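Computed over heavy atoms, backbone and side chain alike; hydrogens, waters and symmetry mates excluded. Quick caveat: nothing in here was measured; it's all calculated off a predicted structure.
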Amino acid sequence: EVQLVESGGGLVQAGGSLRLSCAASGFTSDDYLIGWFRQAPGKEREGVSCIDHIDGTTYYSDSVKGRFSISIDNAKNTVYLQMISLKPDDTAVYYCAAEEYADFDFCNLVQEYDSWGQGTQVTVSS
């Protein structure tokens, strides 16, 4: 069973930075995707970024491109989401998700993933 634990959320002023971590375990193969999603109050969960563990291919939504960066530390089995130039609109609960043998073309879709972390709150004040 894949288990995911997020950390690193918090309160930051607009223009500030945060780094989220997703500690992952339980994979049966190296062929998996990790995605970062976020959900603001009253809004649907949206895909922010994802990474293919096999070849490191990454995806970013238009709303975060150029400000967020996803990376994997294989030694620690941890995926990071570095966020800079944060805006109040980035305020949300951030979740990491994982799926083995998934199609990278759909990595930003909620329905592509079966395993989810508990979420970490990110609040950006203006």
Q: Could you list all the salt bridge (charged side-chain N to carboxylate O under 4.0 Å, His left out) pairs where at least one residue sits in residues 16-39, not counting sequence neighbours?
A: Arg38-Glu46, Arg38-Asp90

Q) Does anything in residues 91-112 pair up under salt bridge (charged side-chain N to carboxylate O under 4.0 Å, His left out), and if so which pairs, sequence neighbours excluded? A) none

Which heavy atom in [X] sits nearest to a heavy atom in [Y], and how many Å separate them?
X: Leu20; Y: Thr120; result: CD2-CG2, 4.0 Å
X: Ile70; Y: Tyr60; result: N-OH, 2.8 Å
X: Ala98; Y: Leu4; result: N-CD1, 3.6 Å
X: Tyr113; Y: Ile34; result: OH-C, 4.2 Å
X: Ser126; Y: Ala14; result: CA-CB, 4.4 Å

Pairing residues for [X] by the side-chain contact (heavy atoms from CB on, under 4.5 Å) criterion, not counting sequence neighbours:
X: Ser7; result: Ser21
X: Val93; result: Tyr95, Gln121
X: Val5; result: Gln118

Mind checking side chain to side chain donor-acceptor pair (under 3.5 Å) for [X] and listing every partner two or more places apart, or none if nothing turns up?
X: Ser61; result: Ser63
X: Tyr32; result: His53
X: Thr57; result: Asp55
X: Lys65; result: Asp62

Side-chain donor-acceptor contacts of residues 77-85 below 3.5 Å, not counting sequence neighbours, with atom names and distances?
{"from": "Thr78", "atom 1": "OG1", "to": "Lys76", "atom 2": "O", "distance (Å)": "2.9"}

Q) Does the ring center of Trp116 lie less than 6.0 Å from the ring center of Phe37? A) yes

Q | Close aromatic pair by centroid cut-off 6.0 Å: Tyr59 and Phe104 | A |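 They do not qualify: ring centres at least 6.0 Å apart.
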
Q: Report the C-alpha separation of Ile51 and Leu33 in whole Å, then their side-chain angles, then the decisive distance to 0.1 Å, and conclude whether the side-chain contact (heavy atoms from CB on, under 4.5 Å) test is met.
A: CA-CA 6 Å; Ile51 188 165; Leu33 303 179; over 6 Å; no

(Q) Under a 3.5 Å distance rule, please check whether Glu6 uses its side chain to pair with a backbone N or O of Cys96 as donor and acceptor. (A)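 Indeed, once roles are kept as given, a pair shorter than 3.5 Å links the two residues.
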
Q) Among pairs that include at least one residue of residues 32-65, which meet disulfide (SG to SG under 2.5 Å), considering only residues two or more places apart or in two chains? A)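 Listed once each, the pairs are Cys50-Cys107.
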
Q: First locate atom OG of Ser49, then atom CZ of Arg67, and finally report the distance between them rounded to the nearest 0.5 Å.
A: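 That separation rounds to 12.0 Å.
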
Q) Passes side-chain contact (heavy atoms from CB on, under 4.5 Å), Leu18 versus Val122? Steps please. A) CA-CA 9 Å; Leu18 281 175; Val122 171; 3.9 Å; yes

Q. Which residues, ordered by chain and number, are linked to Leu109 in its hydrophobic cluster, where ILVMFWY side chains connect at heavy-atom gaps below 4.5 Å, directly or through other members?
A. Phe106

